[in-house]
S.K.: 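The structure under discussion is supplied below as structure tokens; questions concerning it will follow.
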Amino acid sequence: MSRPSFAGSTAIIGIGQTEFSKDAARSELQLACESITAALADAGLQPSDVDGLVSYTIDPVEETELVRSVGFPQINYSSRVPYGGGGAMGVLLHAASAVASGAAEVVVAYRAIRARSGATRFGGAKTTPSPTSGHSGTTAMQWCMPFGVLTPAAWMALNSTRYMHTFGVSSEDFGRAVVQLRAYASTNPAAWGFDRPITLDDHQASRWIAQPCIRMFDCCQETDGSVAVVVASGELARDTAQPPVLIAAAGGAGLFEQEIASDHYRPDLSVMEGSVALAKLLFGRFGIDRGDIDAAMIYDAFSPILLMQLEGLGFCERGEAKHFIADGNLGLDGALPCNTNGGLIGEGYIHGLNLVLEAVRQLRGTAVNQVVDPDAVLVSASRTGAILTRP
Amino acid sequence: MCPHCGTLAWGAVDLSGRGTVYSFAVLHHPQNPQFDYPVIAALVELDEGIRLVTNLVELLPDEVEIGLPVEVCFEPTADGMAVPVFRPRVLERRQ
């Protein structure tokens with residue numbers, strides 16, 4: 001397969017976000033308007049410069065309302081990415097493809113969410129699919145509901161327990177990752193976990209959500225807020241306000257029998273097969289080596305899937321993530337500084353798109369927990385991902 | 001449509017009702033009033049090779065382990081239907 005034309009020719013030129021809270025006290029539409037306005041200001045652009053919109057099938061903000069509210073004069077391209085959280089980084093593939101093909105010039109990717117104060121809490125135990133679970137494939141989900149397997153934590157716990165069993169992984173192993181994430185979050189003023197670091201003992205004392213794999217502190221934060229990124233051609237990027245961050249690679253790998261986290265039918269659930277396929281794609285088609293990656297932002301809705309993705313992406317061997325983490329490799333001095341904003345566990349859960357903003361800050365050199373001169377940062381959410389670079 | 005053979009016809013097949021626990025999770029929180037907690041959720045791999053999401057019954061949460069041999073039984077649902085759940089297979093039941 002040849003290298004897709006968007007690789008290196010498209011860039012993230014603006015990022016914006018609202019505050020992250022447990023009660024935004026305003027609609028998702030308003031939150032999206034605020035983050036998009038901030039992202040356009042960051043890029044030095046006006047709404048009239050935008051002609052493309054990309055979001056997720058589970059985002060509640062209608063494009064039509066967004067156009068009406070922000071005041072976009074004409075949208076020539078719009079799309080939505082399926083697969084729930086696993087689709088988090090897919091918006092970069094959609095936006096970059098649209099720009100590189102000429103279908104659009106400036107694309108805004110956005111996510112707005114009231115995961116805590118909304119009508120249904122994101123992690124709540126609901127017996128019917130909701131906007132947080134529907135639209136992305138619910139065939140397997142209906143086989144979960146009659147058995148009380150109602151939440152993202154419960155769906156992912158079944159994979160996580162198998163992972164622990166196969167590789168001899170313990171709750172403490174997950175806890176060491178969480179301690180690192182909370183340490184990052186503790187210095188990030190935008191994070192839920194700002195000034196709230198935890199110890200491994202704190203982690204082990206937190207109550208069980210799904211035994212033996214997911215304690216309360218292994219879970220991401222149900223968060224209210226919105227983030228947006230502006231994607232355009234690398235050419236246009238040279239004239240905008242911020243140092244451009246190139247989309248050097250992007251891809252998605254939706255495999256047979258996958259949907260959002262409620263699917264349990266792939267042959268070996270101790271392996272994150274979407275990550276394996278994604279890594280093959282990102283490191284195979286774009287001329288970038290795994291060793292070129294200076295930092296990674298990995299979808300950590302629950303801590304076990306962070307370990308599983310580190311292995312799936314090939315940053316360590318299968319079953320070795322627990323040692324990789326115990327050796328401090330996710331820290332700023334480690335081999336792969338990871339989720340330096342605190343991740344979804346420490347900063348907040350904006351569908352994982354907030355991890356893209358952190359990758360951009362790292363490459364601009366403006367992160368709170370700054371890696372020294374990174375050239376390439378990987379973002380991934382299981383089956384979707386991208387590699388961002390400095391020009 | 002069947003993704004393996006492309007047929008649009010479908011039918012019912014008798015299964016042995018026997019399998020082993022492929023994975024599990026003891027669910028404590030959050031709680032839905034329609035269930036008794038902790039819920040023992042499991043993936044059971046049937047002898048025929050099919051994997052099911054289900055519940056384990058007639059055992060304590062700390063007795064669950066991967067590889068445990070189990071057999072089907074049925075529990076009524078709130079709306080008058082029944083769902084397949086699994087209990088540990090014991091010697092006398094196998095005879």
Side-chain angles (χ1 to χ4, degrees), chain A residues 120-128 139-168 171 206-216 218-219 222 255-258 261-270 302 304, chain B residues 1-4 10 19-46 48-57 59-68 70 72-87:
Chain A
T120 55
R121 279 179 60 171
F122 210 66
K126 48 205 173 284
T127 52
T128 53
T139 296
M141 192 184 295
Q142 71 181 314
W143 308 124
C144 292
M145 297 295 187
F147 304 102
V149 183
L150 309 176
T151 64
W155 302 327
M156 292 189 190
L158 294 170
N159 303 50
S160 302
T161 304
R162 184 72 194 186
Y163 171 72
M164 296 172 82
H165 170 81
T166 302
F167 298 114
S171 171
S206 72
R207 65 172 161 161
W208 283 116
I209 302 299
Q211 202 173 348
C213 44
I214 298 176
R215 296 178 182 274
M216 187 174 74
D218 292 302
C219 301
E222 291 174 309
L255 303 174
F256 181 71
E257 282 282 29
Q258 284 190 329
S262 45
D263 58 326
H264 300 97
Y265 307 102
R266 295 286 300 182
D268 184 356
L269 295 187
S270 64
F302 303 96
Chain B
M1 184 162 74
C2 173
H4 301 290
W10 63 276
T20 55
V21 173
Y22 177 82
S23 190
F24 69 93
V26 180
L27 308 178
H28 294 272
H29 182 84
Q31 301 192 347
N32 182 294
Q34 296 184 50
F35 296 90
D36 295 324
Y37 287 84
V39 165
I40 306 178
L43 292 173
V44 166
E45 202 127 82
L46 296 179
E48 292 83 0
I50 296 164
R51 197 181 292 157
L52 298 176
V53 178
T54 186
N55 294 131
L56 300 180
V57 298
L59 83 177
L60 296 169
D62 62 7
E63 293 171 339
V64 186
E65 57 182 19
I66 287 175
L68 185 75
V70 292
V72 74
C73 50
F74 290 86
E75 282 205 341
T77 61
D79 57 359
M81 308 286 279
V83 290
V85 297
F86 289 77
R87 62 188 174 202

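By convention in this document, chain letters (A, B, ...) are assigned in the order of the sequence lines, proteins followed by strands, and residues within each chain are numbered from 1.
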S.K.: Between A/Tyr163 and chain B, which part of the residue has a heavy atom less than 4.5 Å away: side chain, backbone, both or neither?
M.R.: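 For A/Tyr163, neither part sits under 4.5 Å from chain B.
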S.K.: Tell me if a side-chain donor or acceptor on B/Arg51 pairs with a main-chain N or O of A/Pro267 at a distance below 3.5 Å.
M.R.: yes
S.K.: Can you tell me how far apart CG (B/Leu27) and CG (A/Leu150) are? Round to the nearest 0.5 Å.
M.R.: 8.0 Å
S.K.: Relative to chain A, which segment of B/Pro61 carries a heavy atom at a distance below 4.5 Å: side chain, backbone, both, or neither?
M.R.: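 Neither part.
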S.K.: Quick one: are A/Trp143 and B/Val83 in side-chain contact, heavy atoms under 4.5 Å?
M.R.: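 SC-SC contact between A/Trp143 and B/Val83 ruled out.
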S.K.: Identify which part of B/Pro84 has an atom lying under 4.5 Å from any heavy atom of chain A, answering side chain, backbone, both or neither.
M.R.: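 Looking at B/Pro84, backbone and side chain both touch chain A.
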S.K.: Counting only heavy atoms not in B/Asp36, do more than 12 sit closer than 6.0 Å to its CG atom?
M.R.: no
S.K.: Just so I understand: if I count every heavy-atom pair under 4.5 Å between each of A/Ser160, A/Gly124, A/Pro146 and chain B, which residue has the most?
M.R.: A/Pro146
S.K.: Are side-chain heavy atoms of B/His28 and A/Arg207 found at a separation under 4.5 Å?
M.R.: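 No, side chains not in contact.
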S.K.: Search all heavy atoms of A/Ala125 against all heavy atoms of B/Pro30 and return the closest pair with its distance.
M.R.: N-CG, 3.7 Å
S.K.: Write out, in numerical order, the residues from residues 73-81 of chain B with a heavy atom short of 4.5 Å from a heavy atom in chain A.
M.R.: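 Within residues 73-81 of chain B, near chain A: nothing under 4.5 Å.
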S.K.: Can a donor-acceptor pair be found, under 3.5 Å and without considering hydrogens, that links the side chain of B/Ser23 to the backbone of A/Asn159?
M.R.: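 Flag not set: sc B/Ser23 to bb A/Asn159 has no pair under 3.5 Å.
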S.K.: What are the two closest heavy atoms between B/Phe24 and A/Gln211, and how far apart are they?
M.R.: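 The pair with the smallest heavy-atom distance is CE1-O, 4.4 Å.
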S.K.: Are the side chains of A/Leu269 and B/Leu43 in touch, meaning some heavy atoms are under 4.5 Å apart?
M.R.: yes
S.K.: Does the side chain of B/Val85 come within less than 4.5 Å of A/Phe147's, by heavy atoms?
M.R.: yes
S.K.: If you take all heavy atoms of B/Tyr22 and A/Arg162, which pair is closest and at what distance?
M.R.: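 The pair with the smallest heavy-atom distance is O-NH1, 2.8 Å.
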S.K.: Measure distances from A/Ile209 to the heavy atoms of chain B and classify the residue's part below 4.5 Å as side chain, backbone, both or neither.
M.R.: both
S.K.: Heavy-atom distance under 4.5 Å to chain B: side chain of A/Arg266, backbone, both or neither?
M.R.: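 Contact with chain B is through the backbone of A/Arg266 alone.
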